[in-house]
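Working notes, structure below.
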Amino acid sequence: LGFNCGSTYGVAGGKWKLASKSAVTTIMSSMAAGATAFLISLVAKRGKFDVTWIINGILGGLVGTTSVCAIVNPEEALLIGAISASLTLGSMHLVERCRIDDPVGAISVHGVGGAWSLLAIGIFASEDPTEARFITFA
């Protein structure tokens, strides 16, 4: 949360709006990722849940929203987090089946979550009049 808000390069001159929007979208994304990871774990584990899946799902949601947190709406952040958790957990299963040694799921969380984050910019980013002075779309 501090990383995303701090990436707005300050709070002076109205940049606090970007910092607060980053905080809200980051929290929304992590909540959706946690709920999605919980449900996926509950279904995949047949009525039980796996805490490591939930943690990695939340971390995947946080990574997935990092590049877009200041330029998406909170509603879109929910979808970004849910998709990120789904992709993270799916890739954890794929990495395991490929017999790649990744005991904490770092490949899935950071690799797949980061790749999804970059794709999410193109899908969800839009211009907001509140932030038009601070962000330029080239």
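- Interatomic distance, E76 CD to L79 CG, rounded to the nearest 0.5 Å: 8.5 Å.
- Between the S29 side chain and the T26 main chain, no donor and acceptor come within less than 3.5 Å of each other.
- Here OG1 of T65 is found 11.0 Å from CD1 of I27. Values are rounded to the nearest 0.5 Å.
- Side-chain heavy atoms closer than 4.5 Å link hydrophobic residues (I, L, V, M, F, W, Y) into clusters, and following such links, possibly through other members, connects F124 to V112.
- For A32 against A82, the heavy-atom pair with the smallest separation is CB-N, 4.0 Å.
- L94 and W53 are members of different hydrophobic clusters when ILVMFWY side chains are connected at heavy-atom separations under 4.5 Å.
- Cluster membership for V104 and I107, using ILVMFWY side-chain heavy atoms within less than 4.5 angstrom, is not shared.
- Residues V63 and S84 form no side-chain contact, since every pair of their non-hydrogen atoms from C-beta on lies 4.5 Å or further apart.
- Rounding to the nearest 0.5 angstrom, the gap separating the OG atom in S30 from the CD1 atom in I80 is 12.5 Å.
- Between I58 atom CD1 and T88 atom OG1 the span is 11.5 Å, to the nearest 0.5 Å.
- Checked by atom type and distance alone, the side chain of T25 never pairs as donor or acceptor with a backbone atom of A77 at under 3.5 Å.
- Ring geometry for F49 against F38 counts as tilted: the plane angle lies between 30° and 60°, on a 0 to 90° scale.
- Under a hydrophobic-cluster definition in which Ile, Leu, Val, Met, Phe, Trp and Tyr are linked whenever side-chain heavy atoms come within less than 4.5 Å, directly or via other members, L59 and M92 are assigned to different clusters.
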Candidate pair E96 and D102, rule side chain to side chain contact (heavy atoms under 4.5 Å, CB included), full reasoning: CA-CA 8 Å; E96 187 177 308; D102 186 22; over 6 Å; no

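- The hydrophobic clustering, which links ILVMFWY residues whose side-chain heavy atoms are closer than 4.5 Å, places V51 and L39 together.
- Using modelled atom types, no side-chain atom of N56 and backbone atom of G105 make a donor-acceptor pair closer than 3.5 Å.
- Summarising the geometry, atom OG belonging to S117 is positioned 12.0 Å from atom CD1 belonging to I83; distances are rounded to the nearest 0.5 Å.
- Between I40 atom CD1 and S86 atom OG the span is 3.5 Å, to the nearest 0.5 Å.
- Counting only distance, with no hydrogens or angles, the side chain of D50 and the backbone of T52 share a donor-acceptor pair below 3.5 Å.
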